Structure formats: C-alpha cells, structure tokens
Amino acid sequence: LAVDGSLDMNNSLTVYNTATGVLTVTDEMKVSNSARIYNDGAVTVDDLKINSDGEFHNCENALLVVNDECELEPVSYTHLRARGTIWVNCHTSVNELEAQGAEFNFSANAGLDAGRVEFNNTNVSMARGAIFTMEEYNADEKGGGNRFAFTGDADPRAVVLISEKAYTRK
C-alpha cells in the first residue's frame, strides 16, 4: 500500500501489516488515540509520530524505516531500526534498537530503556536529566563512529548506563 501524503491512524483503529505487506507513506504517519499498528512486513515513512497511547508493534523480522523525523511519546517497542532523526520526549522502551546514520535527540528528563543496542555512525544528543540505559552496546563489534553529546550544564546531568557489555572502537 502506498500513501502519497499523510496517514493519520487514531480512535482505536487497529492495522495489521502482514509479513508480505509493504506500507509506504510519502509524508507523515501519525499513530494516536489508542490506535495500533502491528507490523510484520515493511513500513517506510518520511516522518513518524506516535502519541496519545498510540502503539507501533514491530515484529521480530519486520522493518521500520523512518527517513526524516520520528517523535516518540510513551511507547514500548520490541524491535526498532532507525535512520533519520528520532526525538525521545519521555520514557520509551525498546528490546532491540539498531541505528545506522541516525540522530537521537533526548528532551530534558526523557528516558530510553533498551536491551541490545547496535549503533553505527549515529549521534546522540541528551539534554539535562535525560537517561539512556542499555544492556548491550555494539556487542557484535560491528558498529562505530558514534557520538554522544550532553547539553546543558545544570543538574541533573544526562546519564548513559550500560549494564552488561559494550564494545567501542576508535
């Protein structure tokens, strides 16, 4: 299914994108007001906004590509593959997070709790009080060229916590 323009899913709408399904949105896709999308195929959008109890469920072999900007309100994901700019505005949790050439911007006091994180050429900018926790960071030893920046010098400072294992290269 190709949507030339915006796609607004809301008011408890439930959408199932099957394993062979391909959903492409050339502008913004908004998932809000208890709407749910279950993606087992491929979803490609320019901008993705998830808020107001909206849910985006990416199954294990599914692909989500956000080409430009992604805004996340309180959301929980199983697998998230990122590209483009991702805004973390509050608490978000992800079991597996992969990013290639992405930019993550954390608002003040926002949080991202992740299991396995694989970043390559990705920038992370964190405002004061933001926290990014992960169990594993580039544990497969393939990623590199990542940059973490902490903005604002007032307390509380932003924090990155890796609880299991990490790999970095120069």
Side-chain angles (χ1 to χ4, degrees), residues 1-120 122-127 129-137 139-140 143 163-164:
L1 174 64
V3 177
D4 187 20
S6 298
L7 177 61
D8 190 357
M9 295 185 286
N10 59 38
N11 297 328
S12 300
L13 176 69
T14 301
V15 174
Y16 295 92
N17 191 39
T18 63
T20 58
V22 177
L23 173 61
T24 304
V25 181
T26 62
D27 197 359
E28 176 184 275
M29 182 168 83
K30 184 176 181 182
V31 182
S32 62
N33 298 328
S34 299
R36 292 176 186 84
I37 182 166
Y38 296 90
N39 181 35
D40 197 25
V43 173
T44 302
V45 299
D46 280 350
D47 298 317
L48 176 63
K49 292 185 179 179
I50 303 173
N51 59 33
S52 302
D53 298 321
E55 297 178 18
F56 191 105
H57 299 269
N58 224 26
C59 300
E60 186 172 346
N61 296 313
L63 175 64
L64 169 64
V65 176
V66 181
N67 289 318
D68 191 16
E69 192 170 292
C70 182
E71 288 186 30
L72 307 176
E73 294 298 326
V75 176
S76 178
Y77 298 92
T78 302
H79 303 273
L80 179 63
R81 294 183 184 121
R83 177 170 77 190
T85 303
I86 295 89
W87 294 91
V88 180
N89 295 318
C90 53
H91 181 261
T92 303
S93 64
V94 181
N95 287 344
E96 295 184 20
L97 176 61
E98 299 175 29
Q100 168 73 34
E103 183 174 319
F104 283 81
N105 294 306
F106 284 69
S107 298
N109 303 313
L112 178 57
D113 181 31
R116 186 181 64 84
V117 174
E118 299 292 337
F119 280 178
N120 191 41
T122 294
N123 294 318
V124 178
S125 178
M126 300 176 68
I131 186 166
F132 185 4
T133 65
M134 60 193 92
E135 292 175 11
E136 298 179 358
Y137 174 71
D140 69 357
S163 65
E164 300 278 330

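We number each residue from 1, following the sequence as shown. Note that this is a predicted model, so its numbers are computed, not measured. Heavy-atom basis, side chains included; hydrogens, waters and symmetry copies ignored.
- One side chain, Asp27 or Ser6, offers a donor N or O that lies under 3.5 Å from an acceptor on the other.
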Next item on the list: Give the C-alpha distance, both sets of side-chain angles, the deciding distance and a yes or no for salt bridge (charged side-chain N to carboxylate O under 4.0 Å, His left out) between Glu118 and Arg116.
Entry: CA-CA 7 Å; Glu118 299 292 337; Arg116 186 181 64 84; 3.3 Å; yes
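- To the nearest 0.5 Å, atom CD of residue Glu96 and atom CE of residue Met134 are 14.5 Å apart.
- The side-chain heavy atoms of Phe106 and Leu112, taken from C-beta on, include a pair separated by under 4.5 Å.
- Residues Met29 and Val43 form a side-chain contact, since some pair of their non-hydrogen atoms from C-beta on lies under 4.5 Å apart.
- With sequence neighbours left out, the side chain to side chain donor-acceptor pair (under 3.5 Å) criterion links Thr133 to Asp113.
- Lys30 has its side chain out of reach of Met9: every pair of non-hydrogen atoms, C-beta onward, lies at least 4.5 Å apart.
- Qualifying side chain to side chain donor-acceptor pair (under 3.5 Å) partners for Ser125, counting only residues two or more places apart in sequence or in other chains: none.
- Sequence neighbours left out, the pairs with a member in residues 13-24 that pass side-chain hydrogen bond (donor to acceptor under 3.5 Å, both in side chains) are Asn17-Asn39.
- In this structure, the side chains of Asn11 and Ser32 stay at 4.5 Å or more apart for every pair of heavy atoms.
- Here the shortest heavy-atom pairing between Ala130 and Ser107 reads CB-O, 3.7 Å.
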For a side-chain contact (heavy atoms from CB on, under 4.5 Å) check, start with the C-alpha distance between Phe104 and Leu97, then their side-chain angles and the critical distance, and finish with the verdict.
CA-CA 12 Å; Phe104 283 81; Leu97 176 61; 4.0 Å; yes
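- In this structure, the side chain of Thr122 engages the main chain of Asn120 through a donor-acceptor pair within 3.5 Å.
- For the atom pair CE (Met126) and CG (Asn105), the distance works out to 11.0 Å, reported to the nearest 0.5 Å.
- Nearest approach of Phe132 to Ala114, heavy atoms of both residues: CE1-CB, 4.3 Å.
- Side-chain contact between Ile37 and Leu23 is present, with heavy atoms from C-beta onward closer than 4.5 Å.
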